[in-house]
Every structure is written in C-alpha cells, then in structure tokens.
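Both ligands and their constituent atoms are indexed starting at 1 by order of listing.
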Amino acid sequence: MITLAVETSCDETALCLYSEEGVIGDILLSQAELHSIYGGVVPELSAREHTKNILPLLDSLLSSSGFHELNKVDFVSFTLTPGLILSLVVGVSFAKAVGFFLKKPIVPVHHLEGHIYSVFLEREIPYPFISLVVSGGHTDLYLVEGFGKYTFLGGTLDDAVGESYDKVASMLGLGYPGGPVLDRMARKGEDKFQLPRPMLGSDDLNFSFSGLKTAVKKLIRENPDAKKEDIACSFQEAVVDILYAKVNRAIKDLGVNRVSVVGGVSANSRLREVFTEEFSKKGVEVFIPPVKLSTDNALMIAYAGMLRFKRGITAPMDVNPEPNQPLEEFGKIWS
Ligand code: KG4
Ligand code: ZN
C-alpha cells in the first residue's frame, strides 16, 4: 500500500511517498527565510508560496525518488486541520485534485495527530501514553489510548511555547523562526536571571507563557548590558521547568508511565536533555522524534494517513479544511 502525503498547514510545503515498508521519497520546502523579514508567518504570502511551489515540488519528489508511476499510489493523505486556512486550502485542493485524477481516495489527518505519530516512524509507543505537543501554534497535553482516541488534558491559556520562543528571539533581534537560534544561544549562557514560571504550581494541566514573555521584555529593558546568551538561557530554563512540571503532574495524576514530546519545540536540546535524564530516573519512558521529524513534515501525515486508511476511513471530495478543529473532536468524527 502506497500513500502520497501533503502538508501545507503553515510555512512548509511538504510532500512524501510512503509505503508500509518505509519511505519512498520525501521533500520539503521551507518558506522561513521569506517570512523572516516580517518577523513571523504572513498567512497570505504563505498560501501564495504553497500554490506556486506545490506542483514543481511533486515533480521534484517523483524525480528524486525515481518513483514515476503515480497511478501506483493507493490514496492521498492530507492535513485537514488545524492551520492557516488559506494554506490548508492549497494542500486540501491538491489532495482532491490528485485523488480525482488518479480515482483514488483521500484520507484526512489532524496536524497534531501527525506530530503525535511522528515518533512511530522510528518506534511504536505502546498505549496508553501521554503526549506533550509543543509547536508554534500549540502547547497541549493529551492522553492517547489508541489511534484516534485522544483526550485533551490541558493546554496553554495564552501563547504557545514555540510562539514565545519566536517572540523572545525577536526581542533579542535573532530573526524568525527564533526557536533553533535561541536554543543554540542559550547553550552558551548562564541561568543568571530569575524569571517567573507561571502556573507551575497550579492544580491543573494548563500552561501560560505570556507573563514569562513580558518578564523577558522587562528584563531586556532594565538590563541593557545583559548578555543575550544569559537571557536566552534563563528563558529556556524557565520554559523547560514549566513543561517538565506539568508533564510530571500528568504522569502522577493519570498513573501512565510513558510520555512523548512532539512538535517543533521538541527539537529543543535542553528539553530533550531534561526530559530524558529526569524521567529516566523515575522509570518513565520518554519518546521524542528525531529533530528532522519534530518540525513540520509530510512523513508524519503519511504515517497517520496509513493508519486511518487501514481502518477504512476516507473523506468525501467536498470536504473542507478547518482552521482549528480540536484533536479530540477530529478523532471522534473521523473514526
Ligand atoms: O511544529 P512546527 O514545525 O510548526 C507548527 O506546527 O507550529 O513548530 C514550529 C515552532 C516554531 O515556533 C519554532 O521556533 C519552534 O517550533 N522550534 C524550536 C526549536 N526548533 C523549532 N523551539 C525551541 N527550540 C528549538 N530547537
Ligand atoms: Zn506542526
């Protein structure tokens, strides 16, 4: 069984050809440089770029993989939700067009479901497990009890953690996306400044990052001579502390000893280090995808699409993308 998968929910145009035996071909075009001058993703520009690039990218995928018989594709997997609506429209329209042309079904995937299953491309996680999804748009905790069986445990009440990284990086003049640069810079600094850890001790599994961002802003204003490396390090320590504390609480509350960390921010070196070291001491198994699969890609969409197709689930040709359908709801609808 072979699927062609497409992901266009934000600023990456990604395609992949995937079979049950493994990856046939995989291609990704990042628009990050284009958006960096604006300090963040410009939705209209993102959709235009996807439209311009998606067909040439399919040609490149076919030639680089040496896979020329598109009619051997059994179904097309695509990101239906959540994401920038204009960008999603491009990927969904592409999936419909290819499906119509090949007379093959189309299979919807939730972007966060894709992230959750990114780990499975290397190693399957036994159910149940807790998943922390940390990306540019989300900071969510889920209990995953099976494919499509997701329970929302808590999430951010304001900014997503990736968004906070990008905003703090922008305050430090580091460009967009700021996460990877800030991460590298933090490694060279010291945790010199005591920054707040909002909601660290709250009696729930929710997060809040806007207060931390404001505290960094104040710190920069009041300490013009402070080293950027030290500010980055103090911010990163606060973020990792908060994420670790909430996951630890979820593990205790639910009595589930397996946790995955997925999404763009799971590429963070300090987060990987702390989660792996601290949880292994407690006998908790930690699963984190390789860096290449942490950030947006089409492979994770292909993998989740394959699981859904095997359950006989396909979408009608008049399906429309949704900017923000909750994962829990999606899991119930497409089951
Ligand atoms: O999952 P993703 O590629 O796209 C969304 O679905 O949002 O996540 C992108 C986010 C960006 O905010 C980026 O700054 C952040 O992930 N990110 C990182 C790192 N690499 C990417 N944040 C912290 N440390 C990193 N190494
Ligand atoms: Zn993502």
May I ask you to check whether H115 has an N/O atom sitting below 3.5 Å from an N/O atom of ligand 1? yes
May I ask you to decide if the ring planes of Y150 and Y142 are parallel, tilted or perpendicular, using 30° and 60° as cut-offs? perpendicular
Considering only the protein, which heavy-atom contact is closest to atom 7 (O) of ligand 1, and what is its distance? G136 N, 2.8 Å
Step by step, would you call E44 with R48 a salt bridge (charged side-chain N to carboxylate O under 4.0 Å, His left out)? CA-CA 6 Å; E44 168 74 24; R48 282 171 189 249; 2.8 Å; yes
What I want to find out is whether D191 reaches R270 closely enough, with some N-O distance under 4.0 Å, to be called a salt bridge. no
Numbering the atoms of ligand 1 from 1, which are under 4.0 Å from a heavy atom of H111? 6 (O)
Any atom of ligand 1 sitting under 4.0 Å from a heavy atom of C10? no
Atom indices of ligand 1 within 4.0 angstrom of G162 heavy atoms, with elements: 12 (O)
For residues 321-335, which side-chain N or O atoms pair as donor and acceptor with protein atoms under 3.5 Å away, sequence neighbours left out?
from	atom 1	to	atom 2	distance (Å)
E328	OE1	F152	N	2.5
S335	OG	K332	O	2.9

May I ask you to check whether T295 has an N/O atom sitting below 3.5 Å from an N/O atom of ligand 1? no
Strictly distance-based, threshold 3.5 Å: is any side-chain N or O of N206 a donor or acceptor partner for the main-chain N or O of T156? no
Could you tell me the residue and atom name of the protein heavy atom closest to atom 24 (N) of ligand 1, and the distance to it rounded to 0.1 Å? N268 ND2, 3.0 Å
Nearest neighbour of atom 26 (N) of ligand 1 from the list V181, D183, V239, on a heavy-atom basis: D183
Report the member of V262, D296, N297 with the shortest heavy-atom distance to atom 5 (C) of ligand 1. D296
Close approach, H138 and ligand 1, non-hydrogen under 4.0 angstrom: no
Which of the atoms in ligand 1, numbered in the order shown and given with their element, are less than 4.0 Å from a heavy-atom of G137? 7 (O)
Solution key, residues 89-103 side-chain donor-acceptor pairs under 3.5 Å, sequence neighbours excluded:
from	atom 1	to	atom 2	distance (Å)
S93	OG	V89	O	2.6
K96	NZ	M317	O	3.3
K96	NZ	V319	O	2.7

Evaluate G179 for polar contact with ligand 1, using N/O atom pairs at a separation under 3.5 Å. yes
Do R272 and S294 get their side chains close enough for a donor-acceptor pair, meaning under 3.5 Å? yes
Is it true that F287 and F120 have ring centroids separated by less than 6.0 Å? no
N or O contact, D166 vs ligand 1, cut-off under 3.5 Å: yes
Taking V119's backbone N and O only, do any of them form a donor-acceptor pair with R123's side chain (distance below 3.5 Å, no angle check)? no
Pairs involving residues 187-221, ordered by first then second residue, that meet ring pair (Phe, Tyr, Trp, His ring centres under 6.0 Å) (sequence neighbours left out): none
What is the number of protein N, O or S atoms that sit under 2.8 Å away from the Zn ion (ligand 2)? 3
Salt-bridge test for E278 and K282: reply yes if a basic N is under 4.0 Å from a carboxylate O, no otherwise. no
At less than 4.0 angstrom from any non-hydrogen atom of G264, what atoms of ligand 1 do you find? 1 (O), 2 (P), 8 (O), 16 (O), 17 (N), 18 (C), 19 (C), 20 (N), 21 (C)
Indicate whether any N or O donor in one side chain lies under 3.5 Å from an N or O acceptor in the other, for S210 and D159. no
Take atom CD of E20 as the centre, draw a 6.0 Å sphere, and report whether it contains more than 12 heavy atoms from other residues, nucleotides or ligands. yes
